[in-house]
2 protein chains.
Amino acid sequence: MVTIKDVAKKAGVSVMTVSRVINGSKNVKESTREKVLRAIEELGYVPNSVARSLILNKTLTIGLVISDITNPFFTTIARGVEDTAISKHFTVILCNTDEDPEKEMMYAEVLARSKVDGVIYASASGKKAPLKSLFLKKIPIVLIDRTIEGVNDLDIVRGDSVLGAYLLTKHLIDLGHRRIGIIVGSHFISTARDRIEGYKKALNEANIPIDESLIKINENSKFSKEDGYRLTKELLNLENPPTAIFGGNNLMAVGALLAIRERGLEIPEDISLVSFDDIESLSEVYPFLTVVKQPAYTMGVIATEILIRRIENRDKIKEKREILLTPELIIRKSTAPPKRKI
Amino acid sequence: MVTIKDVAKKAGVSVMTVSRVINGSKNVKESTREKVLRAIEELGYVPNSVARSLILNKTLTIGLVISDITNPFFTTIARGVEDTAISKHFTVILCNTDEDPEKEMMYAEVLARSKVDGVIYASASGKKAPLKSLFLKKIPIVLIDRTIEGVNDLDIVRGDSVLGAYLLTKHLIDLGHRRIGIIVGSHFISTARDRIEGYKKALNEANIPIDESLIKINENSKFSKEDGYRLTKELLNLENPPTAIFGGNNLMAVGALLAIRERGLEIPEDISLVSFDDIESLSEVYPFLTVVKQPAYTMGVIATEILIRRIENRDKIKEKREILLTPELIIRKSTAPPKRKI
DNA sequence: ATGAAAGCGCTAACAA
DNA sequence: TTGTTAGCGCTTTCAT
C-alpha cells in the first residue's frame with residue numbers, strides 16, 4: 001500500500017509537505033507542489049481517510065437509520081438526505097432497521113463506533129435506549145418522521161400526522177361514512193398514535209362515537225403490507241364491518257386493498273379506502289388511492305441541513321428545532337359515499 | 001472522549017487487557033474481565049472503530065454504488081445487499097450516482113479513501129476510469145447489473161437482458177406486432193445494448209426487418225421517466241408509428257405510458273406496452289403492465305456473498321465469477337394484438 | 001516554505 | 001494471564 005511516506009520519499013520532500021499539497025495549503029512553492037503532484041500520480045497514491053479521521057476526530061460521514069429501504073416513503077427521504085449530504089461533502093451510511101428494535105440497537109452502536117459525525121434517525125422502537133451509545137459519543141442526532149418517548153431535546157423533522165389523519169378521516173365523514181376502520185403499526189411508534197389521534201379528533205368533531213373495535217393496532221410493530229392485509233381481514237370479519245378503511249401507511253393500504261379484493265368487494269362501491277403516504281409510481285400510472293401525501297424528499301433535505309449545521313456548529317440556535325411539515329390531501333377514486341345507510 | 005486508556009486506568013489494568021476483553025479473548029481471568037466490564041459500563045466507553053480500522057487495515061464496511069435509490073429495482077437490490085451484509089457484520093455505505101459519471105467518479109474516490117473492504121458497483125458511465133482509485137487500493141469489486149467496457153476480470157452478477165428483451169419482443173411478435181418501438185438509456189450502459197440486442201434477435205428470428213427509427217436511445221444516458229416520456233412522444237410522432245412500445249426499464253415504461261395516455265391512446269387497444277423490470281407496489285395493486293421481472297433481491301444477495309467471500313479470502317476460485325440471472329416474463333393486460341393491419 | 005517530533009486510539013508481537 | 005513496545009497513516013505544533 002502506498003502511503004504519504006512513499007510519496008514524500010519519491011518527491012524528495014517531507015511528509016508534511018505532501019500533506020500540505022493534498023490539503024491545498026497555500027504555503028507550498030509552486031515547483032514543490034508540482035513535484036509532489038507528479039509523485040502522487042506516478043505512485044497512484046490515494047489518501048487514507050481513516051487515518052485522517054482518527055486524528056481529526058471527524059469522518060465526514062452521517063448515518064441514516066430508516067425502517068424499510070423498500071418503502072417509497074423512506075426511499076424518498078433517503079434520496080433527499082443523500083443529495084443534500086453529498087452537496088456538503090458528506091457520505092451516508094444506510095441502516096435498515098426493518099422496524100426491528102434489535103437491529104436498531106445494533107445499528108446505533110455500529111454508528112457510534114464508526115464515529116459518524118451525525119445521525120438522521122427514524123426510530124423503530126420508539127424508545128430511548130438504542131440511542132445510548134450515540135449519546136455517549138455526543139454524536140448529533142436529528143430525528144425524522146417519528147418522535148421518541150422521553151426524548152425532548154433533539155431536533156426533529158416530521159410530518160403532521162395528526163392533521164393528515166384528521167383530513168383523511170374528515171373526508172370520509174363528509175362523504176357520509178360513520179363506521180371507519182383504521183389500521184396502524186405499533187402503538188410505540190409516534191406516527192401510529194398521532195394518526196389515531198387525528199382520526200379520533202375528526203370523529204369527535206362529527207359527534208361520531210368511537211368504536212374501539214374499529215381501531216386495529218399491529219402490536220408486532222410493523223407497518224407492512226402483510227400486516228395491513230391481516231388487520232383488514234379482521235375488520236371485514238366484524239359483525240358490523242366498516243364502510244371505509246384508513247390505511248396507516250402506504251404499505252398497509254396496499255395490504256388492505258388486497259384483502260378487500262380477496263373478499264370480492266369493490267372499492268369504492270362497497271367500501272372506501274384511504275392511505276397515509278402516497279406511492280408515486282403507483283399513483284402516476286393508476287391514480288386510484290385517495291391519500292395524504294407527505295413531503296418526504298423535503299423532510300430528508302431539511303433534516304440533513306439541520307444535522308450538518310449542528311455538526312459544523314454553525315447553528316446559532318441552541319434549543320432543539322422542531323419542523324412540522326404539512327401533508328396534502330389528494331382525493332382520487334378510492335373514496336365514495338357508503339352504500340349502506342347506517 | 002473516553003478511550004481505552006481511561007478504561008484501563010479505572011480498572012487498574014493495562015490497555016491490552018481491556019482490548020482483550022472487548023474482543024472476547026479467552027485469555028483473561030474472569031475476575032479481571034468483570035473489573036474491566038464494570039469500568040466500561042461506568043465510564044460509558046464505546047470502542048472507536050476508526051482507530052481499530054487503521055491498525056487492522058479493514059473497516060467491515062462495503063460500498064454500494066447504484067444509480068437511483070428511488071427506483072424499486074435498485075432499491076430491492078439494496079435491500080438484498082443490506083440484509084446480507086448485516087448478517088456478516090458489514091455495514092453498507094450507499095452511493096447514489098444518479099447516472100452521473102461525475103458523481104460516479106467522486107463516489108469511487110470517496111470509497112477508496114474510506115478504505116471500504118469492498119464495493120458492489122452498478123456503473124453509471126459504462127467506463128473503466130472511475131474504478132481507478134478502487135483498483136489502486138486493490139479493493140475487491142463485484143459488478144452488478146451492468147458490465148463495464150474493457151473490464152473482464154471482475155466478478156459480476158446481472159440479469160440476462162438479452163434473453164429478457166428477446167422474450168418481451170417475441171411476445172409482442174407472437175401477438176402479431178410488426179412495428180415495435182424500443183426506448184432505452186444510453187448506449188454506454190450494457191443493459192441498454194443488451195436489450196436492443198435481444199430485441200433485434202427476436203425480430204430477426206421472425207424475419208422482420210429492423211427499422212432504426214423505431215430504436216430510441218437516450219444519449220443523455222438516463223433510464224428515467226422523463227426520458228421515457230420524451231422518447232415515446234418521438235415514437236408516436238413518426239409517420240408510421242409503432243403498434244407496440246418496449247420500455248427499456250420500469251421508469252421509462254411509466255414515462256411511455258404517460259405519453260401514450262396524453263395522446264388519448266388506449267393500452268392495449270391502440271398500442272401495446274411492455275417493460276423491462278417490474279414495479280412491485282404497482283403490479284400488486286394494478287396488475288396491468290406486461291413485464292420481464294429480474295430477481296433483484298437475489299442479485300443483491302449473491303453479489304454481497306461473493307464480495308464478502310473475496311474480502312475474507314475464503315474464495316477458492318481465482319477466476320472471476322459471472323452470475324447470469326434469468327428474468328421472468330409476466331404477461332398482464334398491457335399487451336394485445338395490434339389493431340391496424342400492417 | 002519546509003521539516004521533525006509527537007500522538008490520535010487502538011492491536012500485534014513479544015516478553016514476563 | 002498480563003503487560004510493554006512499536007506503529008497503523010496521517011496532521012498538529014513548533015521549529016528552522
Side-chain angles (χ1 to χ4, degrees), chain A residues 1-37 39-40 43-61 110 112-117 133 136-139, chain B residues 1-37 39-40 43-61 110 112-117 133 136-139:
Chain A
M1 154 163 299
V2 19
T3 74
I4 200 171
K5 265 188 187 162
D6 303 313
V7 177
K9 192 179 294 177
K10 175 123 191 168
V13 298
S14 75
V15 292
M16 217 26 245
T17 302
V18 178
S19 174
R20 288 194 180 95
V21 171
I22 292 166
N23 295 292
S25 159
K26 298 270 96 185
N27 303 327
V28 181
K29 217 198 322 180
E30 192 48 34
S31 64
T32 315
R33 176 187 313 284
E34 276 161 21
K35 257 194 319 198
V36 171
L37 254 16
I40 287 176
L43 293 173
Y45 169 70
V46 179
N48 181 332
S49 294
V50 353
R52 198 162 191 277
S53 295
L54 180 60
I55 190 162
L56 260 30
N57 203 25
K58 52 186 165 185
T59 53
L60 279 180
T61 297
V110 167
R113 290 181 179 222
S114 304
K115 298 233 48 173
V116 294
D117 295 334
S133 26
L136 285 170
K137 289 264 187 191
K138 302 207 195 327
I139 294 174
Chain B
M1 154 164 298
V2 20
T3 74
I4 199 171
K5 264 188 188 162
D6 303 314
V7 177
K9 191 178 296 177
K10 175 123 193 170
V13 297
S14 75
V15 292
M16 212 34 236
T17 302
V18 178
S19 175
R20 288 194 180 96
V21 171
I22 293 166
N23 294 292
S25 159
K26 297 271 96 184
N27 304 325
V28 181
K29 215 196 328 176
E30 193 47 35
S31 64
T32 314
R33 176 187 314 284
E34 275 162 22
K35 259 196 317 200
V36 171
L37 254 17
I40 288 176
L43 293 173
Y45 169 69
V46 180
N48 181 333
S49 293
V50 354
R52 196 160 192 278
S53 295
L54 180 60
I55 190 161
L56 260 30
N57 203 24
K58 52 187 165 182
T59 54
L60 280 180
T61 297
V110 167
R113 289 180 180 223
S114 304
K115 297 233 48 176
V116 293
D117 295 334
S133 25
L136 285 170
K137 289 264 186 190
K138 303 207 195 325
I139 293 174

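Please read these numbers as outputs of a predicted model, since none were measured by experiment. Below, chain A is the first sequence line, B the second, and so on; all start at residue 1.
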Rounded to whole angstrom units, what separation is found between the CE atom of A:M1 and the P atom of D:dG9? 7 Å
Rounded at 0.5 Å granularity, tell me how far CG in B:L60 sits from OG in A:S114. 9.0 Å
pair A:I22-A:I40: side-chain heavy atoms closer than 4.5 Å: yes
Applying side chain to side chain contact (heavy atoms under 4.5 Å, CB included) to A:V15 and not counting sequence neighbours gives A:I4, A:K5, A:A8
So, with a heavy-atom separation below 4.0 Å from DNA chain C, the residues of residues 47-55 of chain A are A:L54, A:I55
Does A:N23 reach the main-chain N or O of A:R20 with its side chain, forming a donor-acceptor pair under 3.5 Å? no
Which atoms form the tightest heavy-atom contact between B:S133 and B:A112, and what is the distance? O-CB, 3.6 Å
Mind checking A:N23 for me? I need base, sugar-phosphate or nothing, with any heavy atom below 4.0 Å counting as a touch. sugar-phosphate
Check each of A:V7, A:V13, A:T32, A:V36 against A:V21 using the side-chain contact (heavy atoms from CB on, under 4.5 Å) test, and report the only one that passes. A:V36
What residues from residues 26-33 of chain A pass a heavy-atom cutoff of under 4.0 Å to DNA chain C? A:N27, A:V28, A:K29, A:T32
So, the side chain of A:D117 versus the backbone of A:K58: is there a donor-acceptor pair under 3.5 Å, distance only? no
Partners meeting side chain to side chain contact (heavy atoms under 4.5 Å, CB included) with A:T61 (sequence neighbours left out): A:T59, A:T91, A:I93, A:V116
Kindly compute the distance separating OG (A:S25) from CZ (A:R33), expressed to the nearest 0.5 Å. 7.5 Å
Taking atom NZ of B:K9 as the centre, does the number of heavy atoms from other residues, nucleotides or ligands within less than 6.0 Å exceed 12? no
Near DNA chain D, under 4.0 Å by heavy atom, which residues of residues 2-22 of chain A? A:T3, A:I4, A:M16, A:S19
Could you check if a side-chain atom of B:N48 sits within less than 4.5 angstrom of a side-chain atom of A:K137, using non-hydrogen atoms only? yes
Identify the heavy atoms of B:M1 and A:K115 that sit nearest to each other, and give their distance. CE-NZ, 2.8 Å
Using chain B heavy atoms and a threshold of under 4.0 Å, write down where along DNA chain C the contacts begin and end, 5' to 3'. C:dG9 to C:dA13
Give the rounded distance in Å between these two atoms: NZ of A:K58 and C1' of D:dT11. 12 Å
Check B:L54 against A:A51 and note the closest heavy-atom contact, atom names and distance. CD1-CB, 3.7 Å
